[in-house]
K.L.:
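Have a look at the structure that comes next, please.
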Amino acid sequence: TMSVFSEPSTAVERALELQQYTFDLNKQRPGEPPVLIRIGLHLGQVVVKDELAADALGSNVSIAWRVQSLADGGHTYMTETVFRDAQRFLRRIPGLRWANHGPYHLAGFEEPEDICEVANVALVPLKPPQGVSSIRSVRYMLRRFAPPAAWGLVTVVITLALLGAWLYLNMAGESDK
């Protein structure tokens with residue numbers, strides 16, 4: 001099911017409550033197959049198609065769904081914007097652990113998303129997505145961590161290196177004559 005919340009911290013609180021509820025439910029049903037829920041959270045604007053049915057549509061819904069598909073049962077994954085916002089408000093809750101598992105490519109989207117996790121470690125250990133690889137490309141890391149001014153500097157350095165190589169090759173060619 002899809003749920004929409006007004007604040008990321010509220011979405012994370014409800015996800016943690018749901019994971020706690022299923023944990024308690026599973027303890028009450030020994031010998032039964034456990035109920036395990038995968039949760040994926042993303043922050044962004046959505047389009048509501050039918051207010052009565054509350055159908056939310058849009059690329060942000062697709063991102064949340066893909067984030068959820070990376071999680072194993074019992075785990076709550078989220079994109080970094082949800083993670084940063086919720087962590088600020090929920091630090092006071094004891095027993096929570098937070099982890100940024102790094103950038104992952106989500107099918108249908110060009111830009112990778114940092115996949116993060118929160119868990120009550122008494123219920124489930126933190127675990128990065130399994131069966132997929134984290135993306136650690138130089139281009140991604142530069143775009144993410146280098147200030148825009150650094151791109152100009154990189155361009156200047158590359159240009160100077162090319163100019164130096166051209167001059168060297170031309171000077172070497174003239175000394176052979």
Side-chain angles (χ1 to χ4, degrees), residues 1-23 26 34-47 56-155 157-158:
T1 49
M2 173 73 176
S3 300
V4 178
F5 297 91
S6 57
E7 297 92 20
S9 57
T10 302
V12 171
E13 276 186 308
R14 297 305 164 264
L16 291 166
E17 289 169 3
L18 188 57
Q19 297 292 21
Q20 180 68 54
Y21 175 80
T22 57
F23 179 80
N26 290 331
V35 175
L36 297 173
I37 298 174
R38 306 182 307 173
I39 298 175
L41 304 169
H42 179 62
L43 175 66
Q45 193 168 344
V46 297
V47 176
L57 306 168
S59 62
N60 290 309
V61 173
S62 297
I63 291 172
W65 179 78
R66 283 171 174 77
V67 169
Q68 178 264 338
S69 72
L70 294 173
D72 285 342
H75 289 266
T76 301
Y77 286 171
M78 65 202 74
T79 54
E80 188 180 28
T81 51
V82 175
F83 177 81
R84 280 188 278 125
D85 185 81
Q87 192 177 34
R88 276 187 224 117
F89 286 93
L90 302 178
R91 288 181 192 205
R92 61 179 163 63
I93 300 176
L96 293 185
R97 296 294 178 266
W98 302 80
N100 184 330
H101 297 305
Y104 286 78
H105 182 265
L106 303 176
F109 294 91
E110 190 174 313
E111 293 296 317
E113 290 282 347
D114 273 24
I115 302 301
C116 304
E117 181 178 14
V118 62
N120 177 339
V121 291
L123 306 181
V124 63
L126 295 172
K127 180 172 91 171
Q130 303 297 300
V132 291
S133 322
S134 176
I135 299 169
R136 297 285 184 189
S137 71
V138 172
R139 189 184 88 197
Y140 172 78
M141 297 308 255
L142 276 175
R143 198 172 337 116
R144 177 169 164 98
F145 298 110
W151 278 106
L153 180 61
V154 168
T155 304
V157 169
I158 291 171

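In this chain, numbering begins with 1 at the start of the sequence shown.
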K.L.:
Can you give each donor-acceptor pair under 3.5 Å made by side-chain atoms of residues 8-17, sequence neighbours left out, with the distance rounded to 0.1 Å?
P.N.:
residue	atom	partner	partner atom	Å
T10	OG1	E7	OE1	3.0
R14	NH1	E17	OE2	3.2

K.L.:
Would you call L106 and L70 a side-chain contact if the rule is heavy atoms closer than 4.5 Å?
P.N.:
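The answer is yes, as the side chains (C-beta and beyond) meet within the 4.5 Å cut-off.
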K.L.:
Please give me the minimum heavy-atom distance between M78 and F83, naming the atom from each residue.
P.N.:
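Between these two residues, the closest heavy atoms are SD-CA, 3.6 Å.
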K.L.:
Checking D85 side chain against T81 main chain: does a donor-acceptor pair fall under 3.5 Å?
P.N.:
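Checked: no pair found.
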K.L.:
Under 3.5 Å, which donor-acceptor pairs do the side chains of residues 118-126 form with other protein atoms, sequence neighbours left out?
P.N.:
residue	atom	partner	partner atom	Å
N120	OD1	A122	N	3.0

K.L.:
Where do H101 and E117 come nearest, in terms of heavy atoms and distance?
P.N.:
NE2-OE1, 2.8 Å
K.L.:
Run the side-chain contact (heavy atoms from CB on, under 4.5 Å) check on L41 and V67 step by step: do they pass?
P.N.:
CA-CA 7 Å; L41 304 169; V67 169; over 6 Å; no
K.L.:
If every non-hydrogen atom of P128 is compared with every non-hydrogen atom of Y104, which pair is closest and at what distance?
P.N.:
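P128 and Y104 have their closest heavy atoms at CB-OH, 4.0 Å.
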K.L.:
If you look at every heavy atom in V82 and L43, which pair is closest and at what distance?
P.N.:
CG2-N, 3.4 Å
K.L.:
Rounded to the nearest 0.5 Å, what separates atom CG in D72 from atom NZ in K127?
P.N.:
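NZ of K127 is found 3.5 Å from CG of D72.
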K.L.:
Measuring from atom CG of L96 to atom CG of L90, what distance do you get when rounded to the nearest 0.5 angstrom?
P.N.:
7.0 Å
K.L.:
Verify side-chain contact (heavy atoms from CB on, under 4.5 Å) between E113 and H42, making sure each step is shown before the conclusion.
P.N.:
CA-CA 10 Å; E113 290 282 347; H42 179 62; 4.2 Å; yes
K.L.:
Backbone N or O of C116 within a donor-acceptor pair of the E80 side chain at under 3.5 Å?
P.N.:
no
K.L.:
What are the two closest heavy atoms between Q87 and R91, and how far apart are they?
P.N.:
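Answer, listing the atom of Q87 first, then R91: O-CG, 2.8 Å.
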K.L.:
Who passes side chain to side chain donor-acceptor pair (under 3.5 Å) against Q19, sequence neighbours left out?
P.N.:
T76
